[in-house]
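All ligand and atom numbering here is 1-based and tracks the order in the structure. Predicted, not measured: the structure shown is a model, and the values here were computed from it.
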Amino acid sequence: MSLRSSLLAFLALLPSCALYDDAEPDPWPGASLPACETTRRAYRIDRMVVPDTSSAAEELGWDFDDDGTIDNQGGNIISAVRQAVDVDLAGAVQEALDADLVQIAVVLDQCAGPDYTLVSLVRGVELDRSFDPPRLLAEPVTAFAAVGTDGAVATDGTTQFPVGQLVHPFVTEWIDAEELVVDVEFFTETGIEGRMMAVLDYAQEFATVTEAFQRKITDRIDELGADDEVAITMLELFDHDTDGVIELAEVREDSLVQSLLRADVDLDGDGVEDALSIGVGFHAAPVDLYLRE
Ligand SMILES: [Ca+2]
Ligand SMILES: [Ca+2]
Ligand SMILES: [Ca+2]
């Protein structure tokens, strides 16, 4: 029925300059592509399939470090959190999208000849649903787009992702994704569907996720009341000084949190894991994009 093609775009981000002061960053391979009059289409992510079992994490993951094993530590974290403290992070993500609290748009710039597509993410700041399709005012967050041509093409780039904001609306910082793989299936009119896999800066990821998680469990305890069984379990796990409040420092110092949020991918090949992988499925519907530089 629908025109459908598949694009596998692989975006490997440059190592951070702070870590490699003496090395010139590699040029973005997409820079060598012939210039082209591209057709732009933009889609706002309205549904995210967040893996909450280890098999879903495997299906939605990617082997970022080429060791033959699928990487999706983020998916494993979400399923572990659900089992350990009955906090539904997948539900929280969908609530944030449904309430228009997080605006992530996937932008496709398609070139007809030669045949390639640039894929980038933008951070929406205002969604106006009185138009059809809705108008989205957005800011760029992608320094280098991913490039896909029929099948799979890997290119370097940089982008950012709202990991914290998807869990708790007050944690608004978007963090650096050191690598991003976008596997998009195109459909006419209704939008696009696919998978998005990223490797996140470890320090930013730890800071953001612990803050979002601490806010989320604190909200949940408030909601349930301190006498509730689930609330008691959460307090037993994280309220180390037993003052009845789970502070951010208690979450960050917790050994369970530290072992779950560990880095799982060695991006620079020095034998030490330095980044955290995550993979999700998504559906995105067309928007009329206005970019604010
Ligand atoms: Ca791997
Ligand atoms: Ca405490
Ligand atoms: Ca390393």
_N/O/S atom name from Asp266 that is nearest to the position of the Ca ion (ligand 3)_ = OD1
*What N/O/S atom of Asp274 gets nearest to the Ca ion (ligand 3)?*
OD2
*Taking the Ca ion (ligand 1) as the centre, count the protein N/O/S atoms lying under 3.0 Å from it.*
6
_Check: Glu58 side chain, Ile70 main-chain N or O, donor-acceptor pair, under 3.5 Å_ = no
*Decide if atom CG of Asp270 counts as having more than 12 heavy atoms of other residues, nucleotides or ligands within a radius under 6.0 Å.*
yes
*Quick one: does Asp201's side chain have a donor or acceptor within less than 3.5 Å of a partner on Ala203's backbone?*
yes
*Using 3.0 Å as the cut-off, note every protein N, O or S atom close to the Ca ion (ligand 2).*
Asp239 OD1, Asp241 OD1, Asp243 OD1, Val245 O, Glu247 OE1, Glu250 OE1, Glu250 OE2
*Say whether, by atom type as modelled, one donor and one acceptor occur between the side chain of Glu250 and the main chain of His240 under 3.5 angstrom.*
yes
*Please identify each residue that fulfils side-chain hydrogen bond (donor to acceptor under 3.5 Å, both in side chains) with Asp98, with sequence neighbours left out.*
Gln94
_Pair Tyr43 + Phe282: ring centers closer than 6.0 Å_ = no
*Vertex the Ca ion (ligand 3): angle to OD1 of Asp270 and O of Val272, to 10°?*
90°
*Check all N, O or S atoms of Asp268 and name the one closest to the Ca ion (ligand 3).*
OD1
_Side-chain donor/acceptor of Asp63 to backbone N/O of Asp67, under 3.5 Å_ = yes
Under 3.5 Å, which donor-acceptor pairs do the side chains of residues 228-235 form with other protein atoms, sequence neighbours left out?
from   : atom 1 : to     : atom 2 : distance (Å)
Asp228 : OD2    : Val230 : N      : 2.7
Asp228 : OD2    : Ala231 : N      : 3.4
Thr233 : OG1    : Glu229 : O      : 2.9

*Any side-chain heavy atom of Met197 sitting closer than 4.5 Å to one from Phe64?*
yes
*Donor-acceptor contact below 3.5 Å, side chain Gln103 vs main chain Ala138*: no
*So, the side chain of Arg195 versus the backbone of Glu59: is there a donor-acceptor pair under 3.5 Å, distance only?*
yes
